[in-house]
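Notes follow the structure.
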Amino acid sequence: MKKILIINGPNLNMLGKRDPKQYGSMTLSDIEQLCRVTAEEYGFEIDFRQSNYEGEIVEWIQKALGQFDALIINGAAYTHTSLAIRDALELLKVPIIEVHLSQPKEREEFRHFSYIERLATETISGHKEQSYVMALKKLNDIIN
Ligand code: DQA
């Protein structure tokens with residue numbers, strides 16, 4: 001069974017309370033459930049995590065080396081700021097799918113740049129929780 005690590009960055013634990021126009025109304029635990037149902041369909045085992053701490057995310061990525069077949073990451077605000085997360089991602093030899101609930105490129109200018117984008121096999125943005133479902137589907141095409 002292929003193993004997929006799903007990392008969620010800062011403030012995504014507050015989904016359900018954040019602007020529903022940008023992020024939808026599901027909580028992160030609803031999204032985790034949706035990912036579990038989808039992963040089961042594709043025969044993936046998933047490890048779904050969230051952290052508000054940059055260093056913790058860096059360590060998760062470092063420890064993922066050799067342990068997972070793919071990574072899905074919503075870096076949230078760290079997408080636009082974290083060279084440290086970018087450098088950790090560069091270590092991984094497996095497909096990386098960048099996801100966003102909203103469409104950052106159509107929002108404020110400070111959200112237009114992504115440190116993750118160039119290392120990602122694909123970026124899926126703007127489909128609210130369905131971005132995660134689409135990322136799993138993409139991985140099904142690539143690694144299954
Ligand atoms: C986000 C977009 C980021 O710009 C923002 O900082 C987030 C969430 C998204 O999923 O749309 O926290 O990554």
Side-chain angles (χ1 to χ4, degrees), residues 2-42 44-65 67-143:
K2 297 273 164 66
K3 285 172 70 179
I4 297 171
L5 176 60
I6 304 180
I7 294 179
N8 294 281
N11 298 304
L12 293 173
N13 56 317
M14 301 308 283
L15 289 175
K17 294 192 172 74
R18 296 183 74 183
D19 181 0
K21 277 202 209 88
Q22 295 296 348
Y23 304 118
S25 46
M26 278 195 172
T27 64
L28 192 62
S29 126
D30 294 334
I31 294 177
E32 174 172 1
Q33 203 39 47
L34 181 64
C35 286
R36 292 206 175 278
V37 170
T38 311
E40 208 178 303
E41 212 178 295
Y42 297 132
F44 290 143
E45 182 185 325
I46 62 168
D47 184 337
F48 191 97
R49 305 183 196 172
Q50 188 274 333
S51 179
N52 292 321
Y53 300 95
E54 185 176 22
E56 185 169 40
I57 294 172
V58 168
E59 287 186 355
W60 283 346
I61 296 167
Q62 292 174 358
K63 289 184 185 142
L65 253 180
Q67 303 298 311
F68 291 91
D69 298 291
L71 171 72
I72 294 174
I73 182 163
N74 184 347
Y78 288 146
T79 304
H80 318 297
T81 63
S82 182
L83 179 54
I85 289 175
R86 185 228 171 267
D87 283 352
L89 289 173
E90 202 170 29
L91 291 162
L92 293 184
K93 306 277 177 282
V94 296
I96 298 168
I97 310 289
E98 176 187 22
V99 296
H100 298 284
L101 298 146
S102 68
Q103 179 50 274
K105 306 246 188 259
E106 289 171 9
R107 299 178 62 193
E108 304 95 323
E109 200 166 339
F110 54 78
R111 295 184 204 275
H112 291 189
F113 176 75
S114 163
Y115 274 104
I116 298 171
E117 195 170 25
R118 277 208 237 153
L119 296 173
T121 306
E122 185 140 325
T123 297
I124 300 172
S125 307
H127 302 275
K128 305 212 166 65
E129 65 277 354
Q130 290 301 317
S131 296
Y132 289 75
V133 172
M134 291 162 78
L136 285 164
K137 185 177 187 319
K138 181 76 200 174
L139 286 176
N140 181 48
D141 296 342
I142 299 175
I143 63 171

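As the structure lists them, so they are numbered: ligands from 1, and atoms in each ligand from 1.
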Problem set entry | Other residues, nucleotides, ligands: >12 heavy atoms within 6.0 Å of R118 CZ | no
Problem set entry | Geometric cation-pi criterion K3 and F68, 6.0 Å radius, 45° cone | yes
For this session: For F48, enumerate each residue passing the ring pair (Phe, Tyr, Trp, His ring centres under 6.0 Å) test, keeping only those at least two apart in sequence or located in another chain.
Result: none
Below 3.5 Å, can you tabulate the donor-acceptor pairs from side chains in residues 133-140 to any protein atom, sequence neighbours excluded?
| unit_1 | atom_1 | unit_2 | atom_2 | d |
| --- | --- | --- | --- | --- |
| K138 | NZ | E122 | OE1 | 3.4 |
| N140 | OD1 | N144 | ND2 | 2.8 |

Exercise. List by chain and number: which residues place a heavy atom under 4.0 Å from ligand 1?
Worked result: R18, Y23, N74, A76, A77, H80, H100, L101, S102, R111
Exercise. Would R36 and E40 pass as an ion pair if we require N to O under 4.0 Å?
Worked result: no
Report, one line per pair, each donor and acceptor closer than 3.5 Å where one atom sits in a side chain of residues 83-92; sequence neighbours left out.
| unit_1 | atom_1 | unit_2 | atom_2 | d |
| --- | --- | --- | --- | --- |
| R86 | NH1 | E90 | OE1 | 3.1 |

